[in-house]
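Notes to accompany the following structure.
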Amino acid sequence: MTYGAEKPSRGALNWLLFALLAVFAPLAMFLPWWITIISIGLALARPRMRAHGWIRRVLRYAITLGLTGSVFFEYGTLLGRDAGVALLAAMTALKFLEIESRRDAMLTVFLLCFLVLGVGLFTQSPWYAGYALAALWLLTATLVRINEARGDMRGSAGLAATMALQALPLALLMFFFFPRVQGALWGVPQETPGAQAGLDEIMRPGSIRELTLSATPAFRVEFQGSMPPLRTLYWRAFVLWRTDGYTWSRGAEGLPRDIGLRPGGATHTYDVTLEPSGDAWLPALDWPIALPARAQAMDGLAIEAAAPVNERIRYRVTSAPDIGMTSLDARLRARALELPRQLDQRVTQLARTLRARGRSDTGTVQAALAYFHDEAFYYTLTPPLMPNDPVATFLFDARRGFCEHYAAAFVTLMRAAGVPARVVSGYQGGELNPAGGYLIVRSRDAHAWAEVWIEGKGWRRADPTAAVAPERIEYGADALERLLGQGALLGTLSPDELLARLKLDGLTTLRRQLGLGWDAVNAAWFRWVLDYDARRQRELLWYLGLDDLPWVMVVSVITALAGALLVLYALFMRARAKVDPVAASYARFCRKLARAGLARSVSEPPLAFAARASAARPELSNEIRTITDAYARARYSGAPSDTLLWSLRRHVTRFAPQRAIHGAGGRWKYRNT
């Protein structure tokens, strides 16, 4: 019989089934439920189907065609990440049905290893990395068990753990120092990326009945130096110029960029870790003056990447709080004054009133902000629908809305008053994570504000939301949601009442701290593992003083270190092979008895020593006989199995005799050895 043709043992198949279930468990989060249920059902049905003889060639072909067709019907293709992993899962379960030999069992283990990596295409979080390592250890132990006819799972698990620990130093050496290709560890983009909740390139403020705030992180920011105050952090994503009175869109393709830039004030340099969005925009603070690699500044100084962001990326930007623009292109000015074809006369009249009250452009802007602050405007996440002329309906009837309503109405008023203006969409604020020392900007921090052109100064930010709901800008979207949930009237709370409403109970504080701690773990995992690319490797080499060496020399050093590790390991294993594990365990047992006052002579046989020790210490007789019997079975059974060795070592480890001391009155006392 050739190697691998033998039938695997029942114990090996049971552990293979357990490993299959462990690998399939995370798939339920990423694949349609029916794929996971059918795959696990096929694996569990193996004993019954074999008993009734259902596994025949025709039946296997039918199941294979059925599963393949089902996957194609679900995804419309058999290629790509989702369809490929689903098909691999189904075929792996089908392979488990037809295991007839040890070779088939080993092939199933290898397929499960590929499936572990396949789940890694959906998520690369640290929790799954730990789970994947545990699954791979279990698969290695199963592979060992399949190839040991007389072994047990404890011995197989121990051998698998030993092999993993032995391979760890070499794996770390290769990971950190082997020359890396450009890009991160996982370069597979998402197939169907979803846009970040709360941020869209088209703004429709009158068609939203309820705004849902999501705590999903949009990006994280690490500042090089001190971080500006949260209320000053306006992250611009794109600029909206064109409106038909109902929607706002970018609509400025081909327009010239802002010119006459003169950066002023203290600059801020920061690293942004952006989550996948499916869009090309890259959030940056006002105003970006040093752009990331392979990115460009569009009109309105919004930064765009060369391609949509379908995987997590990291980039560096330098921004200045003031860029001192002195001139505005005529085409941009015309676009910034463009009004809808049909504009309610009340809007035009209000704009004239504000212009007369303010006199200058700057005064008009201040008059409009004061109008929103003084009049009965309210911030709410559940505004009424405004299907007909949303700007006029909002200004004169509803007077309730969120940032998009205020930004759209404010820009329309400014344009009607002759002040060039535009809507800017992005994010505002963020949450400082003290566990990681970085800022988390979430989807709920999405915000829209206005920018107006002031002659001699350039574009200046004007945020009407801050005039109505200063709590949103000062304390962030999370505080805003809590205040609105309590029924608070924004803009009317005293400082003491505001702090009292924002105070968190102990359980909420603990939950938030745990969440921030886990987010810090995720951020560190991405920075030092998933995003460990050629640039970070050069930083590590610089830290170690190896950055001046050519790559050929670096590879030579790595090869030499790897060779040295292998030589040391070979010498260690050779020295270990000379040690008799059975004799070593029995010698340890004898040393424990010697410390308890029962030393064994060199020529004393084990059985005679056991009898003498049991007579001297009757309370230890059962343990002494058990260990001696285990030693005899392991010593005289030829090549001892892992089970016998493990049993002997376990009994010796648990054996803890006390030292006997002759006390007063002829009594014996004992103390620990």
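Just so we're clear, the structure is a prediction, and the values are computed from it rather than from any experiment.
- Between Pro308 and Gly278, the closest heavy-atom pair is CB-O, 3.6 Å.
- Here the CZ atom belonging to Arg294 is positioned 9.0 Å from the CD1 atom belonging to Ile313, to the nearest 0.5 angstrom.
- The main-chain N or O of Pro217 is never found under 3.5 Å from a side-chain atom of Arg442 such that the two would form a donor-acceptor pair.
- The shortest distance between side-chain heavy atoms of Arg415 and Thr243 falls below 4.5 Å.
- In this structure, the side chains of Arg422 and Leu240 stay at 4.5 Å or more apart for every pair of heavy atoms.
- You'll find the side chain of Thr267 reaches within 4.5 Å of the side chain of Ile289, heavy atoms only.
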Chi angles and distances behind the side-chain contact (heavy atoms from CB on, under 4.5 Å) call for Trp241, Trp248: CA-CA 7 Å; Trp241 299 80; Trp248 288 79; over 6 Å; no

side-chain contact (heavy atoms from CB on, under 4.5 Å), that's the test. Do Val272 and Arg314 meet it? Break it down for me. CA-CA 6 Å; Val272 179; Arg314 184 180 176 90; over 6 Å; no

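- The side-chain hydrogen bond (donor to acceptor under 3.5 Å, both in side chains) check on Arg316 picks up Asp271, with sequence neighbours excluded.
- A distance of 12.0 Å separates OG1 of Thr216 from CD1 of Ile440, quoted to the nearest 0.5 Å.
- Take Phe219 and apply the ring-ring contact (aromatic ring centres under 6.0 Å, His included) test, not counting sequence neighbours, and it matches Trp235, Tyr427.
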Which donor-acceptor pairs under 3.5 Å do side chains of residues 470-480 form with protein atoms, sequence neighbours excluded?
residue: Glu471; atom: OE1; partner: Gly491; partner atom: N; Å: 3.3
residue: Glu471; atom: OE2; partner: Gly491; partner atom: N; Å: 2.9
residue: Arg472; atom: NH1; partner: Gln428; partner atom: OE1; Å: 2.8
residue: Arg472; atom: NH2; partner: Asp445; partner atom: O; Å: 3.2
residue: Asp478; atom: OD2; partner: Arg482; partner atom: NE; Å: 3.4
residue: Asp478; atom: OD2; partner: Arg482; partner atom: NH2; Å: 3.3
residue: Asp478; atom: OD2; partner: Arg512; partner atom: NH1; Å: 3.2
residue: Asp478; atom: OD2; partner: Arg512; partner atom: NH2; Å: 2.6

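- For Ala237 against Trp281, the heavy-atom pair with the smallest separation is O-CB, 3.7 Å.
- The heavy-atom pair separating Leu282 from Tyr315 by the smallest distance is C-OH, 3.4 Å.
- The two residues Asn522 and Pro126 make their nearest non-hydrogen contact at OD1-CD, 3.1 Å.
- Checked for salt-bridge contact, Arg346 and Asp344 meet the test: a charged N lies under 4.0 Å from a carboxylate O.
- In this structure, Arg399 CZ and Asp397 CG are separated by 9.0 Å, a value rounded to the nearest 0.5 Å.
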Decide yes or no on side-chain contact (heavy atoms from CB on, under 4.5 Å) for Gln296 and Ile303, but give the supporting numbers first. CA-CA 6 Å; Gln296 59 179 342; Ile303 305 178; over 6 Å; no

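- Here Asp361 pairs with Arg355 in a salt bridge; the nearest charged N to carboxylate O distance falls below 4.0 Å.
- With a 4.5 Å cut-off on side-chain heavy atoms, Arg231 and Pro229 count as touching.
- The two atoms that bring Leu274 and Pro283 nearest to each other are CD1-CD, 4.0 Å, heavy atoms only.
- Residues Thr465 and Trp449 have side chains not in contact (no heavy-atom distance under 4.5 Å, counting atoms from C-beta outward).
- Taking CD1 of Ile454 as the reference point, atom OG1 of Thr364 lies at 8.5 Å (rounded to 0.5 Å).
- Judged by distance alone, the side chain of Asp82 and the main-chain N or O of Val85 form no donor-acceptor pair under 3.5 Å.
- For Tyr438 and Phe223, the ring centers are positioned 6.0 Å apart or more.
- Taking the side chain as every heavy atom from C-beta outward, His447 and Asp463 approach each other to under 4.5 Å.
- Ring geometry, Phe372 versus Phe410: the interplanar angle falls from 30° to 60°, so the pair is classed tilted.
- Of the possible polar contacts, one joining the Ser319 side chain to the Leu285 backbone as a donor-acceptor pair under 3.5 Å is found.
- With hydrogens and angles ignored, the 3.5 Å screen pairs no side-chain donor or acceptor of Ser249 with any backbone N or O of Ile202.
- Contact of the Trp459 side chain with the Leu328 side chain is registered, since non-hydrogen atoms from C-beta on lie closer than 4.5 Å.
- Taking 4.0 Å as the cut-off between side-chain N and carboxylate O, Glu275 and Arg220 count as a salt-bridged pair.
- Remark: Leu395 CG to Leu413 CG distance equals 5.0 Å, nearest 0.5 Å.
- Across all their heavy atoms, Arg81 and Leu121 have their closest contact at NH1-O, 3.4 Å.
- Tyr246 contributes atom OH, which lies 13.5 Å from atom CE of Met386 (distance to the nearest 0.5 angstrom).
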Test log, rule side-chain contact (heavy atoms from CB on, under 4.5 Å), inputs Asp389 and Leu343: CA-CA 8 Å; Asp389 200 347; Leu343 187 63; 5.5 Å; no

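- In the model, Thr382 has a side-chain atom that pairs as donor or acceptor with a side-chain atom of Thr380 under 3.5 Å.
- Residues Leu337 and Pro420 form a side-chain contact, since some pair of their non-hydrogen atoms from C-beta on lies under 4.5 Å apart.
- The cationic group of Arg400 does not satisfy the cation-pi geometry with Phe394, failing either the under 6.0 Å distance to the six-membered ring centre or the 45° limit from the ring axis.
- A distance of 6.0 Å or more separates the ring centres of Tyr379 and Phe402.
- At most 12 non-hydrogen atoms from other residues, nucleotides or ligands lie less than 6.0 angstrom from CD of Gln342.
- Partner of Glu451 under the salt bridge (Lys or Arg N to Asp or Glu O under 4.0 Å) criterion, chosen from Arg460, Arg461, Arg236: Arg236.
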